[in-house]
Asker: 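Here you go, one structure.
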Amino acid sequence: MSRAEARAQSLREQIEEANYRYYVLDQPEITDAEFDALLRELTELENKHPQLRSADSPTQRVGAAASERFGAYEHARPMLSLANATTLEELRAFDERARKVAGAAVEYVCELKIDGLAVALDYRDGSLLRGGTRGDGRVGEDVTSNLRTVKTIPLRLREGPPSFLEARGEVYLRKSDFERLNRAREREGLAVFANPRNAASGGVRQLDPALTAARRLSFFAYQLALPEAPTQWDSLQRLRDLGFPVNPNVERAPELDDVLGYCARWEAQRDELDYEIDGVVIKVDDMALAQRLGVASRDPRWAIAFKFKPREARTKLVDIVVSVGRTGTLNPNAVLQPVQIGGVTVKSATLHNQDYIANNDIRIGDTVVVTRAGDVIPRVVGPLPGERTGKERRFRMPARCPVCGSDVDHPPGEAMSRCTNAACPAQVYERVRHFSSRGAMDIEGLGDVMAQQLTERGLVRDIADVYCLDEESLAGVPRTGKKSIESLLRNVAASKQRGLARLLYGLGIRFVGAQTAQILAGDFGTIDAIAEADADLLQRSEGIGPEVAGSVELFFKQPANRVVIARLKQAGVQTSAPKRARATGALAGTTFVLTGTLPQLTRDEATELIVAAGGKVTGSVSKNTDYVVAGDEPGSKLAKAEALGIEILDEAGLRRLLR
Ligand code: IVH
């Protein structure tokens, strides 16, 4: 074995161990940075010696080549689904049948029924060879490259794996990851998913594995199809030993009463979990007995799914009202005829945005289906068109903000409509926070809590009000002493000198990030020149497209925004540009891409630092990219950078370059 080969093997082992501790045991033993260093070293080593790269290397989790449509995955044994029981009587009948065949009492294993997508995983000599969906039970889709990106699916098994092994389990999406995914999709104007199961199942079927990776799917193993263990309980233990994540809430149930207790307990406790369950799966523990029980028509007689009461109900959609979010988004909400769903009275539900309403043809007056998934906000799934009387009305998003009456902007291709008024009370808090943030006017002491205090008390109704604060008005704010008031006022005064670029960025104009603000400030020189420019003129600046230009034009057209600008000027805020920094800094001519969340810097702050040093920040990775700065939860950009062999930095690395 060559030295490189030995090193690669050792790195792989360390990375696998770290992954297992992190994702499966939830007990990491090395820091993220140490992990990154190992992975980077291995990537480099494999780039240098491609013959060392194997399909089961941890570097192959993301960035695998896009699959052409999916091939067929033939199951060695049929992949069955389960009969459902919805009442305790049905469970008793199931137990009775099993006892009859056994001629004795039967012991069970109770498992949570994870609401995701069933997959089969085929390992040869401990290495993941293929993975497939259930399909019709005989042939499914070969989604191997996608399953490789699921971090809790081991690529290599631990502890003396057999030469052939088939495990089955559920790919699912955590509720927290689901919420994050939907929020991001909403921002990007994409359709939102109705539930984590749809998102998981769509994720497994992506044509580009990098997109699967970005969805952050999870996995629980629940069946060891081959080689068989004497009991289901042993199978679960064996799966655990091999490195699979097994749901920790599995229980042995020596008697039917234990089964019934487990079902009742988890139906009541389901909201405490960070993943959706839709029932309990009850399995005969003794595999020999299971074999004897066999399969009746399509369903096994050795297992049954107890399905919880549905958390869906139909009710009347009385009206659609629009509220304004803190970032100015107009959010349509359903006013419902109150209805009981899973023990909770539901009177309102989210409708996301006008596209969601239009695409699902939801009309005011419709009878609709509403779901409530645990602690998640109830949502309207869709109408029941058969129930229509002809009196239903289509919804139209108002053209003016329901809170302040300003124009509403709905850029083509975007999901959300927005209020364009900077002084809209619903947006003030968020805008003040952005205005005072480090990349903008950098007002120390005007953080989350203070911004909230000031906006709630009406002391700050728009960003210009920040410069009207004085000792007297601040005296009434709780938990602020003379000293902190003095220091806040000093910082507010100092912020007047930040210059046009940071002011422009601080205004929070849609699509105007730190870099765009610098370009506009450098080209136009004064805020008035920018305010007077039309979209055509704005687009003559480097990198300013129609989207940005349109947004800037619209912003300065609003009378309310013009008033704010006039007041800022009056307060002595600098609204002209210091001479544009020429690209002569330490990073002149260098192109960066940012991905993920950095520990200290926001994306805008990092951009500003890079641009100030003469560098450029672009949105996508290409062969022209010099560095990718990756933080927590990096997206597919990281994978692409790795594939192209581009140097990857963390925040510390970026700071070193800046020095
Ligand atoms: S066992 C033949 N165990 O529920 C038995 N299934 O309707 C195969 N599921 O297709 C399934 N959690 O997608 C089993 N702990 C669990 C499960 C589980 C979720 C899903 C699976 C299956 C469906 C059965």
Side-chain angles (χ1 to χ4, degrees), residues 20 23-25 75-85 94 107-123 128 131-135 137 140 143 147 150-154 157-158 161-162 165-174 196-197 200-201 204 217-253 258-259 262-263 266 270 273-287 289-291 293 295 299-308:
Y20 176 72
Y23 289 108
V24 180
L25 300 183
H75 297 289
R77 306 152 171 225
M79 201 165 163
L80 304 170
S81 78
L82 295 175
N84 290 335
F94 165 76
E107 295 195 9
Y108 300 100
V109 172
C110 295
E111 300 173 14
L112 300 181
K113 187 170 184 307
I114 317 293
D115 203 5
L117 177 79
V119 296
L121 302 170
D122 184 350
Y123 291 82
L128 177 63
T133 61
R134 188 161 76 95
V143 285
L147 292 179
V150 179
K151 299 227 168 114
T152 42
I153 293 183
L157 300 176
R158 308 161 60 80
L165 181 134
E166 190 188 316
R168 292 174 180 178
E170 200 85 352
V171 172
Y172 67 97
L173 192 62
R174 292 188 171 276
R197 176 175 16 90
S201 135
V204 168
L217 300 170
S218 303
F219 176 74
F220 278 130
Y222 50 62
Q223 202 184 359
L224 183 57
L226 187 84
E228 258 177 25
T231 65
Q232 169 65 5
W233 192 253
D234 289 340
S235 298
L236 295 175
Q237 189 50 49
R238 183 90 181 101
L239 285 167
R240 249 183 232 119
D241 293 342
L242 288 162
F244 289 100
V246 171
N247 188 280
N249 302 306
V250 294
E251 264 176 41
R252 253 179 158 159
D258 303 313
V259 171
Y262 185 92
C263 291
W266 280 107
R270 60 194 289 196
L273 300 167
D274 189 29
Y275 43 88
E276 287 285 348
I277 56 172
D278 59 342
V280 165
V281 179
I282 299 124
K283 301 176 183 173
V284 168
D285 192 26
D286 179 349
M287 291 294 189
L289 173 59
Q291 192 94 42
L293 283 162
V295 176
D299 304 319
R301 268 188 300 210
W302 46 267
I304 194 162
F306 175 73
K307 295 271 276 190
F308 295 152

Asker: Who pairs with T133 by side-chain hydrogen bond (donor to acceptor under 3.5 Å, both in side chains), at least two apart in sequence or on another chain?
Answerer: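 For T133 the side-chain hydrogen bond (donor to acceptor under 3.5 Å, both in side chains) partners, ignoring immediate neighbours, are E141.
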
Asker: Which residues satisfy the ring pair (Phe, Tyr, Trp, His ring centres under 6.0 Å) test with F244, sequence neighbours excluded?
Answerer: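 Result, ring pair (Phe, Tyr, Trp, His ring centres under 6.0 Å) vs F244: Y123.
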
Asker: Determine whether L226 and L165 make a side-chain contact, defined as any pair of heavy atoms from C-beta on separated by less than 4.5 Å.
Answerer: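 A side-chain contact is absent here, since even the closest heavy-atom pair is not under 4.5 Å.
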
Asker: I need the D234 CG to L224 CG distance, nearest 0.5 Å.
Answerer: 10.0 Å

Asker: Under the rule for side-chain hydrogen bond (donor to acceptor under 3.5 Å, both in side chains), what residues qualify as partners of S201, not counting sequence neighbours?
Answerer: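 By the side-chain hydrogen bond (donor to acceptor under 3.5 Å, both in side chains) rule, S201 matches R205.
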
Asker: Go through the structure and list residues passing salt bridge (Lys or Arg N to Asp or Glu O under 4.0 Å) with R197, not counting sequence neighbours.
Answerer: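 Partners of R197 under the salt bridge (Lys or Arg N to Asp or Glu O under 4.0 Å) test: D115.
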
Asker: Could you pull out the closest heavy-atom pair between A221 and L236, with the gap in Å?
Answerer: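 In this case the closest contact between A221 and L236 is O-CD2, 4.4 Å.
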
Asker: Identify, with sequence neighbours excluded, every residue that meets salt bridge (Lys or Arg N to Asp or Glu O under 4.0 Å) alongside D285.
Answerer: R252

Asker: Report the distance from atom CZ of F308 to atom NZ of K113, rounding to the nearest 0.5 Å.
Answerer: 10.0 Å

Asker: In Å and rounded to the nearest 0.5 Å, what is the CG to CD1 distance from D299 to I304?
Answerer: 8.5 Å

Asker: What's the spacing between C110 SG and D258 CG if we round to 0.5 Å?
Answerer: 7.5 Å

Asker: Would you give the length of the straight line joining atom CG of L157 to atom CG of L128, rounded to the nearest 0.5 angstrom?
Answerer: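 Separation between the atoms: 8.0 Å.
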
Asker: Under the salt bridge (Lys or Arg N to Asp or Glu O under 4.0 Å) test, which residues partner R240, sequence neighbours left out?
Answerer: none

Asker: Name all residues meeting the side chain to side chain contact (heavy atoms under 4.5 Å, CB included) criterion together with D286; count only those two or more places apart in sequence or in a different chain, and write none if there are none.
Answerer: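 Scan of D286 (side chain to side chain contact (heavy atoms under 4.5 Å, CB included), adjacent residues dropped) gives A288, L289.
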
Asker: Got a sec, which residues hit side-chain hydrogen bond (donor to acceptor under 3.5 Å, both in side chains) with D274, two or more places apart in sequence or on another chain?
Answerer: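 side-chain hydrogen bond (donor to acceptor under 3.5 Å, both in side chains) list for D274, sorted by chain: S176.
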
Asker: With sequence neighbours excluded, give me every salt bridge (charged side-chain N to carboxylate O under 4.0 Å, His left out) pair touching residues 217-232.
Answerer: R77-E228

Asker: Ring pair (Phe, Tyr, Trp, His ring centres under 6.0 Å) with F220: which residues, sequence neighbours excluded?
Answerer: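 F220 satisfies ring pair (Phe, Tyr, Trp, His ring centres under 6.0 Å) with Y172, Y275 once adjacent residues are dropped.
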
Asker: How many angstroms lie between OH in Y222 and CG in N247, if you round to the nearest 0.5 Å?
Answerer: 12.0 Å

Asker: In terms of side-chain geometry, is the basic nitrogen of R158 or D241 positioned less than 4.0 Å from the acidic oxygen of its partner?
Answerer: no

Asker: Excluding sequence neighbours, so at least two apart, what forms salt bridge (Lys or Arg N to Asp or Glu O under 4.0 Å) with E166?
Answerer: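 For E166 the salt bridge (Lys or Arg N to Asp or Glu O under 4.0 Å) partners, ignoring immediate neighbours, are R168.
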
Asker: E111: what forms a side-chain hydrogen bond (donor to acceptor under 3.5 Å, both in side chains) with it, not counting sequence neighbours?
Answerer: Q232, K283

